[in-house]
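Written below as structure tokens is the structure these notes are about.
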Amino acid sequence: MYILSRRYLPLLVGALVLAGASSLLAQAPKKPLKVGFAQTGAESTWRTANSESMKAEAAKRGIDLKFSDGQGKQENQIRAINSFITQGVDAIVLAPIVETGWDPVLRQAKRAHIPVILTDRTIKTDDESLFACFIGSDFYEEGRMAADWLAKFSGGKGSIVELQGTPGSAPANERRKSFADALAKYPGLKIIDSQSGNFERSGGKQVMEAFLKKHGKAINIVYAHNDDMALGAALAIEEAGLKPGKDITIVSIDAIREGVKAVADGRINCVVECNPLFGPKVYDTVAKLIGGGTVPKKAFNKDELFDATNAVKALPTRQY
Ligand code: AHR
């Protein structure tokens with residue numbers, strides 16, 4: 001017994017040291033995942049819901065989220081990404097305010113081996129290796145759904161004014177293009193004016209006031225790239241002594257609770273959904289990427305449409 005223990009003593013000690021070290025390691029608190037999120041700003045109700053979803057889900061998962069509000073400026077978002085790189089985050093999430101001009105800063109992130117997840121909006125680049133993946137809605141499809149709904153509702157006739165989103169942004173570009181593409185099938189539907197209200201309620205109201213001054217009763221339809229601008233336009237229409245939803249048809253995109261309520265109340269005629277609650281999906285993707293897994297390059301949310309036929313029923317369960 002004595003001989004055995006002397007012979008095996010060094011081994012026994014080694015094993016004990018290893019076991020001790022590994023149990024210490026197991027007890028050591030895991031470092032929380034550090035994620036940088038460069039948000040566009042706070043231009044709309046949709047955006048606020050999107051930021052909330054990202055923040056609440058990070059808190060739930062114990063993720064150390066570095067949140068940056070770009071205040072509607074690309075240069076602020078670029079500055080935020082540079083600072084995330086310096087802070088050594090595990091992943092960067094970017095909701096790009098505009099489509100172009102991202103390559104240099106994304107190259108820096110790539111050099112630092114930090115995966116970049118684009119959410120909500122896409123970018124235009126010749127080098128798709130600069131981002132790991134995209135998660136968001138299909139803006140082109142949303143514009144098409146709005147146009148096809150309108151064609152049926154209006155019987156294919158009417159003069160439309162368009163309230164565009166932020167100039168140069170993917171949703172403004174794609175919702176504009178798909179709506180125009182779809183209208184080509186309906187020659188009786190014409191866009192008589194189109195201007196940006198910057199996705200803001202106040203912007204929608206101001207532009208609609210100008211449209212009403214310029215075109216007066218010639219306007220039958222408003223196509224707004226988001227609900228906030230549609231709600232602003234509805235106010236402008238009311239202030240001009242007309243009834244939104246009756247004298248002037250309104251169709252818009254987002255389906256925020258207030259938008260669906262306006263449809264239920266008959267002030268807006270149709271809203272196409274663009275769901276902003278993708279915090280869980282984004283962090284699942286971050287976890288997969290960091291764990292060395294593969295994810296689809298582009299993942300689109302499934303969106304619905306609400307009009308007089310289903311808005312009242314949908315209202316109680318609207319989450320944003
Ligand atoms: O990119 C999504 C768009 O941006 C939403 O439709 C709009 O409300 C937001 O500000």
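For clarity, every value in this text was computed on a predicted model and none was experimentally measured. Order of appearance sets the numbers: ligands from 1, and atoms from 1 within every ligand.
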Parallel, tilted or perpendicular: ring planes of F199 versus H225, cut at 30 and 60 degrees: tilted
Distance-only polar pair, side chains of T48 and E52, donor-acceptor under 3.5 Å: no
Partners passing side-chain hydrogen bond (donor to acceptor under 3.5 Å, both in side chains) against Q77 (at least two apart in sequence or in another chain): none
Residue K297 excluded, over 12 heavy atoms near NZ under 6.0 Å: yes
Protein residues that have a heavy atom under 4.0 Å from any atom of ligand 1, sorted by chain and number: E43, S44, W46, R47, D120, R121, F139, P171, R175, F199, N226, D254
Pairs touching residues 74-99 that satisfy salt bridge (charged side-chain N to carboxylate O under 4.0 Å, His left out), sequence neighbours left out: E99-K124
Pairs satisfying ring pair (Phe, Tyr, Trp, His ring centres under 6.0 Å), at least one member in residues 134-174, at least two apart: F134-F300, W149-F153
